[in-house]
Amino acid sequence: MLASIAVPELVRLNPARADGSPPEHAVVRNEAVLRGMVARGHGLGAISVYLQQSRDEILDAVVRLDLPTPHDRPLRQSSGPKAWKASDYLSLIQHWLSGLHAASIGEKFGRSAGAIWAKARWLGLPKRDRRSVFRSTVDATPGREVIEEVGQFVTDEEGNRIPLQRKPGTGQLRWIRDLDIALGKRYFALQHHRAIAKEWGVSPGAISSRASRLELPPRDRSKLVTHYDPAVAARNISEGNFIYRACKSKPGWFFWCQRGQTISKLGRKVQQRLSSGFCEDYSVSYDLGSLGL
């Protein structure tokens with residue numbers, strides 16, 4: 001059923017097939033996908049085909065989310081030489097949600113990146129943060145950082161899947177904005193860093209090191225827990241007046257801080273080195289209220 005995942009969990013997919021198609025038994029559990037399809041005017045039959053789920057399951061999710069009931073007109077299928085097959089849609093959706101670059105998705109379907117973008121808009125798929133988009137290793141170009149897809153995802157409260165990617169050779173986790181936000185929420189929920197590391201399949205040192213770089217506040221060890229509770233995270237973030245934002249003096253550097261603070265520790269070091277004042281305001285604030293908290 002298209003139910004959202006109330007508590008973030010690590011979704012482990014089966015290994016990808018030899019032909020590069022998505023892993024078997026990977027289920028789309030994302031409310032944003034259904035909302036987008038309904039908003040684009042797709043009918044019940046079409047949504048059922050695209051998501052490969054029964055009409056009853058779709059209707060149950062529509063009622064639960066209080067969405068307009070999709071029309072029940074028959075699905076019109078194109079028969080042109082470049083027509084999309086019914087079995088292609090779920091694969092496209094899975095690749096899109098995983099953060100795979102449109103060009104990389106296009107390679108798998110023998111289509112252009114523009115065609116993938118057009119189809120994603122037509123389906124009503126959710127927008128993706130550019131920082132979380134990655135190319136597959138098979139089509140990486142010389143000079144571009146190659147990222148290893150480990151087939152694991154961190155799923156947030158809204159059902160959005162954040163890909164876990166590692167740098168080949170070093171095995172280091174590639175930190176992206178959404179993953180930084182997820183880590184921050186878990187820290188504010190007082191989840192132990194070792195518990196986070198175990199769920200994400202990384203070392204405890206990687207978690208604690210990143211938390212330090214993000215300037216997450218120290219916590220009382222006696223209050224740490226092994227599970228993640230989004231409600232606790234939301235309360236502590238609100239009561240502490242915390243926000244995840246970009247540093248004014250270090251473009252592209254994001255950190256956690258209390259509202260009103262605009263410069264990170266790293267930014268202050270940059271200021272000291274330059275001794276000429278901080279650079280132009282590049283900051284972008286992320287209100288946690290808009291992130292499902």
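These numbers were taken from a predicted model, which means no experiment stands behind them.
- Listed for the Ser208 side chain is a donor-acceptor partner under 3.5 Å among the backbone atoms of Gly205.
- Residues Val133 and Ile105 do not share a hydrophobic cluster, defined by chaining ILVMFWY side chains whose heavy atoms lie under 4.5 Å apart.
- Side-chain contact between Tyr89 and Gln52 is absent, with no heavy-atom pair separated by less than 4.5 Å.
- For Leu75, the side-chain contact (heavy atoms from CB on, under 4.5 Å) criterion is met by Ala46, Val49, Tyr50, Gln77, not counting sequence neighbours.
- A chain of hydrophobic side-chain contacts below 4.5 Å, direct or via other Ile, Leu, Val, Met, Phe, Trp or Tyr residues, connects Leu97 to Phe109.
- Listed by chain and number, the residues in a ring pair (Phe, Tyr, Trp, His ring centres under 6.0 Å) with Phe188 are Phe242, Trp256 (sequence neighbours excluded).
- Rounded to the nearest 0.5 Å, atoms NE2 (His193) and OG (Ser212) are 12.0 Å apart.
- You'll find the side chain of Cys247 stays beyond 4.5 Å of the side chain of Leu266, heavy atoms only.
- One distance of note links CG of Asn241 with CZ of Arg259; it measures 5.5 Å at 0.5 Å rounding.
- Within the 3.5 Å criterion, the main-chain N or O of Gly45 finds no donor-acceptor partner in the side chain of Ser48.
- Using a 4.5 Å heavy-atom cutoff, the side chains of Arg40 and Leu123 are not in contact.
- Under the side chain to side chain donor-acceptor pair (under 3.5 Å) criterion, Arg111 pairs with no residue, sequence neighbours left out.
- Under the salt bridge (Lys or Arg N to Asp or Glu O under 4.0 Å) criterion, Arg128 pairs with no residue, sequence neighbours left out.
- Under the side-chain contact (heavy atoms from CB on, under 4.5 Å) criterion, Leu59 pairs with Leu44, Thr69, sequence neighbours left out.
- Residues meeting the salt bridge (Lys or Arg N to Asp or Glu O under 4.0 Å) test with Asp178, sequence neighbours left out: none.
- By the side-chain contact (heavy atoms from CB on, under 4.5 Å) test, Ala39 is found to be paired with no residue, residues two or more places apart in sequence or in another chain being considered.
- Two residues are said to be in side-chain contact when any heavy atoms from C-beta on lie closer than 4.5 Å; Arg64 and Glu31 meet this criterion.
- Closest non-hydrogen pair, Pro70 versus Val38, comes out as CG-CG2, 4.2 Å.
- The side chain to side chain donor-acceptor pair (under 3.5 Å) pairs that include a residue from residues 213-226 are Asp220-Ser222, where partners are two or more places apart or lie in different chains.
- Other residues sharing a hydrophobic cluster with Leu190 under the 4.5 Å side-chain heavy-atom criterion for ILVMFWY residues are Leu224.
- The aromatic ring centroids of Trp117 and Trp122 lie 6.0 Å or more from each other.
- With a 4.5 Å cut-off on side-chain heavy atoms, His192 and Ile196 do not count as touching.
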Q: List the steps and the verdict of side-chain contact (heavy atoms from CB on, under 4.5 Å) for Lys119 and Leu125.
A: CA-CA 9 Å; Lys119 184 59 68 173; Leu125 299 184; over 6 Å; no
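- The hydrophobic cluster containing Val225, built from Ile/Leu/Val/Met/Phe/Trp/Tyr side-chain heavy atoms closer than 4.5 Å, comprises no other residue.
- Remark: His227 engages no residue in a side chain to side chain donor-acceptor pair (under 3.5 Å) (not counting sequence neighbours).
- Put simply, the residue from Ile207, Ile237, Leu214 that forms a side chain to side chain contact (heavy atoms under 4.5 Å, CB included) with Tyr187 is Ile207.
- Note: Trp96 CH2 to His101 NE2 = 9.5 Å, rounded to the nearest 0.5 Å.
- Between Arg194 and Glu199 there is no salt bridge, since no side-chain N of the basic residue sits under 4.0 Å from a carboxylate O of the acidic one.
- A 4.5 Å side-chain heavy-atom check between Gln271 and Ile263 finds at least one atom pair inside the cut-off.
- Counting only residues at least two apart or in different chains, side chain to side chain donor-acceptor pair (under 3.5 Å) contacts with residues 231-240 are absent.
- Residues Met37 and Leu51 have side chains in contact (heavy-atom distance under 4.5 Å, counting atoms from C-beta outward).
- Looking at Arg245 and Phe255, their side chains come closer than 4.5 Å, going by heavy atoms from C-beta outward.
- Checking each of Arg174, Arg186, Arg210 against Asp180 for a salt bridge (Lys or Arg N to Asp or Glu O under 4.0 Å) leaves exactly one that passes, namely Arg210.
- Put simply, CG on Asp88 and NE2 on His95 are 10.0 Å apart, with the number rounded to the nearest 0.5 Å.
- Trp84 and Ile47 fall within a single hydrophobic cluster, where Ile, Leu, Val, Met, Phe, Trp and Tyr side chains are chained together by heavy-atom contacts under 4.5 Å.
- For the atom pair Ser264 OG and Phe254 CZ, the distance stands at 11.0 Å (nearest 0.5 Å).
- The CG atom of Leu65 sits 5.0 Å away from atom CZ of Arg35, with the distance rounded to the nearest 0.5 Å.
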